[in-house]
Structure formats: structure tokens, C-alpha cells
Amino acid sequence: MSQIPQAVRERADSLHQQLDDANYQYYVEDEPRITDAEYDTLLRELQSLEAEHPELKTPDSPTQRIGAAPAERFEEVTHAVPMLSLDNAFDDAELAAFVKRVADKLECDGDTLTFCCEPKLDGLAVALVYENGRLVQGATRGDGRTGEDVTLNLRTIRSIPLKLRGDSIPPLIEVRGEVYMRHSGFEALNARARENGDKVFANPRNAAAGSLRQLDSSIAAARPLEFCAYQVARLEGEDDAHSHSDYLKRLRTLGFRTSPLLDVVKGERGVIGFCHRLGEQREGLDYDIDGAVLKVDSLRDQRELGFVSRAPRWAIAYKYPAQEQTTTLNDVVFQVGRVGTLTPVAKLEPVQVAGVTVANATLHNMDEIERLGVRIGDTVIVRRAGDVIPQIVGVVESQRPATTRAIEMPEHCPVCGSQTERLEGEVAARCSGGLFCPAQRKEALKHFASRRALDIDGLGEKLIDLLVEREWVKTPADLFRLEAKSLAELPRLAEKSANNLVNALEAAKRTTLARFIYAVGIREVGEATAASLAHHFGSLQALSEASLEALEAVEDVGPVVARHIHTFFRQPHNQETLEDLQGVGVTWEEVEIAGRPQPLAGQTWVLTGTLENMTRDDGKARLQALGAKVSGSVSKKTAALVAGEAAGSKLEKARELEVEVLDESTFLQRLAEWENAEENQ
DNA sequence: CCGCCTCGAGGTCA
DNA sequence: CTCGAGGCGG
């Protein structure tokens, strides 16, 4: 290693320190003491020293924020502590109810309770992990359980310390916060983009989200991203915090920006007061907020309150009333869903609502249209609540032109012309065309090919449209009969893509029973239900033969879903499709059976007599799920006979052949044992 | 529902 | 350069 002159090393250390301090003053204290130009001068000096003496370059040097070599893809990160969502409150009454709930649960006076309040920035949540003071990982929220590793992009954000400050640096800390973009930064970025003829971002949130998703972190480095910390998710080492606000103070000493607007208040009045004050300041802020987050400050109280399913009971997100705009309802078209449901979709004159252009909005069903009293040509009020789906919430009747037209449920399907019908007790009307209707066919195929079903790579919406329109594909099984040669004739699909698709289809043939059940699209059978059906019955055969009672015995399956499943398997054309699919080579490993203990594999059981607590079908299904065969007559090969009330000749024969006989209660007990053993494996 | 990013493939043009 | 598919985030 070459010798670095002492003076150079000292100068580099000093520059490093000065730059860190400047960042801290600028981003955390909001009090810059040097100008941007001075910062740049210092940074350049450090860069040149590091260029001369590469040993000076450390990963936490301020020069190392410029971005690194492009990544291949983002790695998946599992959050050690899940990133939960919060309950929402939309008005004072709901805030008051929250305070009361907390006070009741803690059995204390709500007025004495302390809450820590801060604005809810409109950006993206990320989690930063520091080990021994160094930033080692930064991840997006994802679904709360797992997110993506965007460390390299986060490192470019100057308000994220690469190295923690101060002298009480914990061995491990995970800091949660929001990555966002200020209006000023956003405007400057878009101005630059406009000059270069690049496309501009729709709003600061999308700009921030887009920037974090750049594989090339040098692009992220050029984006004016900022970070504001709001939570300590994990902390090892010294921890003398008693409240959430203690943690926020600690975060500041460690070098994080926390919200300058945060406040600690008491009781319902304090909480409501904070939200009102924040509302008044909102317009003047240089960044978007979509509300406030209110947390019970005391950590002991937080622990006592605990969680309700996915959300902590000790916090709530106050959301500002959703933004609304008026626009014209140009038309209503009826979309045909997978099972023929006709959904009215509003075609709107495009309008900006809360930073995005809204041109479509669902009207759900005719009841909703009636409730709104909306007509084509009306001026309507469109709302986009925070980030959810746009809704039409009302009509400006005073602005109704003379030319409006009523919205009527078409008598014939707009796609296939079949009669539409609205069944007793259902909100939605349906196209009666079934799979004769190209729209239903397309939707069914889309579902069949989707990721959570058979996951056919490269088979997207446009291609399905084409295949159905040319009548190359009518049923899912037809997909597997497609040939690369003919596929290549399609527009935008040459040899390469055609081969890829055929290969993808070939790969998709090997699936699981659960995916298969989900893919065939039985009404009301989603991913979860499909999985429990697969688990419960173990084979398509057992499922298709299951009685209503046996189906209802499955967890989460009620009478309605049971009926749908039962009906599905009794329709000849469905049976044909299922057979056809297996015929063209769709298979699944009997993992559902083979992959788990099968205590009864190879055994033949017989059920007889009347069972009190279950039907024979149900018993049969449960035995089959455990690997047993169930037959109707007792022989010397019979492993056991389950005898209910009034068992007759079979019981006699079993005794004769010395076959084990179980009464109902013993049987139920054994079943439960076997099934539990399975769960616990 | 919308906006954004990435990737592979196809087409266009030099 | 453009399009479609796929995925993410709110």
C-alpha cells in the first residue's frame, strides 16, 4: 500500500466531515451554512484527493453517492419486521373514535393520553438497515412482507446518511421513512426534461417512485430525492426510549431528517387540532402530503394495545378528503367479464385529479347508476381518494344540458349479441352467451394464462384478442394446440416470439392442482379457495365428485361457493374442457397428495350407516385426502369400516372378516389427528 | 385506475 | 423507435 502523506489524509477526513455536516445542516436541520457552490467545491476537492489516493475512498464517502454500475435486477428482501399498513380516519369524528378506542382499551382517560403526530408524506415507504453505523441495505415496502433491494439508488439520496452520526451508534438499527420529491425539485427536473425533449413526470410521487426503480443508480443520483424518517423498526444495543418521540429524537441525533412539523399532543383535542393546523399549512408546503399519522406516544401503551390483524391499534392515518374534479360523462360502455357480468364503465372527458389523468371509472352496476341519477352528457364529480381507484361520486344537476341520455342496460350483449339477463337476487346483469361470447372467452383465457393461474409467459391481452378473433382459440385447451408456424403469421409475432410462446405453453403444462383449479375459473373460486380445495381433496377426481356437503366442509367454502363448484363440475362442456386439457398434456404432480404425509395410502376404507356429524361424502373426501381409497363393500382387504347408526350387513361382514370397525366418534377423532399431523409437518 | 420502469422483439432507416 | 408484456407502487 502506498504511503499517504499525513496532511492529505487529514485534509480528506476534514472534507469528508465537512460534507457530512453540510448535508446534515441542509437536510436535517433545514439550516444550510454553506452554499451549493461551496459544497460542490469541497466535493470536487475530495474527489480529486480520492482519485490520487484510491485508499482514501471509503463506501461511506460523500463522493460515493453518484451511483454505481447498473444492477441486473432488484433482489428480493424479506422485511425482518413486516411493514404494516395503518387504519384510516377521514374526519374529526373518526379521529375522536380512535382516541376513545385507545383510551378504552388502556382503561385510561383519553385526555391524558399523549400522541405523536406527523404529516404523512406522499412518497414511497422504504426501510434502511444500518450495521455498526453503516448503511447496508435499503428496501422498498413491497407487499409489506417482502420488498426490493434498492440500496444503490437510496445511497444517492443526500438526506440518507451513509454513516450514522454521533457517539451512540447502535450495532443494528432499521429505520423506516418516506422517500419523496419536493415540488421545487420536481419542477426543476421536469423543466430540464422538457428542454431535452424528454417526457415529463405526472407528479412528484410518480417521479420519486420511478427514480427508485431505476436499475442504473446514476440516473437516480440525478433525481432530487429526499428522505424523511418516521420509525425505528429494529434496534439493538443501547435503547433508553420510552416513547415514539424519543425514537424520533434519537433518529435526529443519528443524522436523519424527521418531519419539522411533528408535534406531541394530548387527547382528542390535541389530535384533531394537529390535523386542522396541518391542513392550514398544507398549501404552503414544498411537498405533497396526504394526511397525518397519529401514534400513541408511549411504547408501553403501544405494546399493551398491540395489533388487530394487519394494523397496529396504536396508530391511525388521518386522510384529507379526497380530491375531486368535475368533468363530462361522454359515454358509458358495458364491459363483459369472465363470467359474463356486464359492468358499466364511464368514459370521461379526461381530467386531472390528484396528479393523474382520469378518463375511465367504473360505475359498478345499474343500482349505482340509479343511485347517482347520472345520465350520459352530465357533468359528474370524480374523486380519487389518496391513491385508490377513481370514483364518480355525484352529478352536478344544475349543469345538466338538455341533451342528456339515460343509461340503459343493453338487452343484448354488446360483444356477442346474446340476450342479457339479470338473475333474481343478483346486482349485476349478465351476458347469457357463455363461452360463445368472445368477450367471455377472452376474459377466461386471460385468467387462465395469468401469473397466478398457469402463468403462460408472453400471452398477453392483445395476443389473446387476436387469437380469439381469428377463432384459433376457443377453449383453453386450444392454446396448447397452437403451432409456432401459424403463430408466426400474426402481426408483431415473428418466428422468435412464436417459438417463445410455444415453449412457454409447453412449460405451463406442468402445473399444480391448486393453480389448475384456480385457472379453470369457477365462479367465486379465487387463489385461496383453489388452494384449500386442492389441499382438501387432493385430486381433481375427488373434487369433481364432491357433494355439496363435502364441499361446504372445506374451510372458507360456504353454501354459495359450494353450489358454484358443484354446478361447474356437472356441466358437460366443463367436463369436456377439463378432459381436453388433460388430453393435450396439462399435468400436475400429485404434490398435494404425494408431497405430504399420507397416513392412509394404500388402504381401502368403507363407510356405512348414518353418520351424525358428517355426511358420508364428507367422510369419503377426508379419507381420500389422507390417501385412502373408499369403496362400497367390505372385503378382507378392507382396512377399516366406519359404522354409523343403523349399520347393517356391512358391519356383520366386517366382524366376520375381523376388519377393524370404528364408530363415528372414534373416526372423527382419528381423522382430526391425521389431519393435524399433516398441518404440523 | 394510472403512471412508471424494464425487457424482448419487430419494424424502419441509414 | 415503438409496441406489448410484465411488474411495482399507491
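Quick note on labels: first sequence line is chain A, next is B, and so on, each numbered from 1.
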Below 4.0 angstrom from OP1 or OP2 of [N], is there any side-chain N or O of [X]?
| X | N | value |
| --- | --- | --- |
| A:R451 | C:dG7 | yes |
| A:Q391 | B:dC1 | no |
| A:N500 | B:dA9 | yes |
| A:K199 | B:dC5 | yes |
| A:T357 | B:dG3 | yes |
| A:T140 | C:dG9 | yes |

Given [options], identify the nucleotide with an atom nearest to the side chain of [X].
| X | options | value |
| --- | --- | --- |
| A:V356 | B:dC2, B:dC1, C:dT2 | B:dC2 |
| A:P390 | B:dC1, B:dC2, C:dG10 | B:dC1 |
| A:K462 | C:dG4, B:dC2, B:dT6 | C:dG4 |
| A:E148 | C:dG10, B:dG10, C:dC8 | C:dC8 |
| A:L215 | B:dC7, C:dG10, B:dG10 | B:dC7 |
| A:R384 | C:dG9, C:dG10, B:dG10 | C:dG10 |

Between [atom2] of [N] and [atom1] of [X], the distance in whole Å:
| X | N | atom1 | atom2 | value |
| --- | --- | --- | --- | --- |
| A:R141 | C:dC8 | CZ | P | 14 Å |
| A:E75 | B:dT6 | CD | P | 16 Å |
| A:M83 | C:dG10 | CE | C1' | 13 Å |
| A:N153 | C:dC8 | CG | P | 16 Å |
| A:Q323 | B:dC1 | CD | P | 20 Å |
| A:L225 | B:dC4 | CG | C1' | 14 Å |
| A:L467 | C:dG4 | CG | C1' | 14 Å |
| A:N499 | B:dA9 | CG | C1' | 13 Å |

Report task. Assign each of A:Q335 and A:S497 to its nearest nucleotide of DNA chain B by heavy atoms, then name whichever residue's nucleotide is nearer the 5' end. Result ->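 Its nearest nucleotide being more 5', the pick is A:Q335.
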Query - Closest-nucleotide ordering on DNA chain B, the 5'-leading residue of A:A494 and A:V345 - result: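 In this pair, the answer is A:V345.
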Answer with base, sugar-phosphate or nothing: what part of the nucleic acid does [X] contact at a heavy-atom distance below 4.0 Å?
| X | value |
| --- | --- |
| A:D457 | sugar-phosphate |
| A:G355 | nothing |
| A:A202 | sugar-phosphate |
| A:A125 | sugar-phosphate |
| A:L490 | nothing |
| A:G147 | nothing |

Query raised in the report: For the base of B:dC4, is there a side-chain donor-acceptor partner from A:R213 under 3.5 Å away?
Result: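 Under the 3.5 Å cut-off, the side chain and the base do not form any donor-acceptor pair.
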As a test of understanding, state which of [options] forms a side-chain contact (heavy atoms from CB on, under 4.5 Å) with [X].
| X | options | answer |
| --- | --- | --- |
| A:P204 | A:Y180, A:Y287, A:F186 | A:F186 |
| A:L445 | A:L467, A:I456, A:I464 | A:I464 |
| A:Y247 | A:T258, A:V175, A:V232, A:I173 | A:V232 |

Requested in this report: Output yes when A:R176 and A:E174 qualify as a salt bridge under the 4.0 Å nitrogen-oxygen rule, no when they do not.
Outcome: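 Yes, A:R176 and A:E174 are salt-bridged.
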Query - Assigned partner base of B:dG11, Watson-Crick or wobble definition, under 3.5 Å - result: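 No nucleotide pairs with B:dG11.
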Query raised in the report: Between CZ of A:R205 and CG of A:L124, what distance do you get to the nearest 0.5 Å?
Result: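 Separation between the atoms: 5.5 Å.
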Query raised in the report: Which distance, rounded to the nearest 0.5 Å, do you find between the CG of A:L342 and the SG of A:C431?
Result: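 With rounding to 0.5 Å, CG (A:L342) is 6.5 Å from SG (A:C431).
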Query - Passing option when A:D288 is tested against A:H183, A:R282, A:R182 for side chain to side chain donor-acceptor pair (under 3.5 Å) - result: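 In the set A:H183, A:R282, A:R182, the residue that makes a side chain to side chain donor-acceptor pair (under 3.5 Å) with A:D288 is A:H183.
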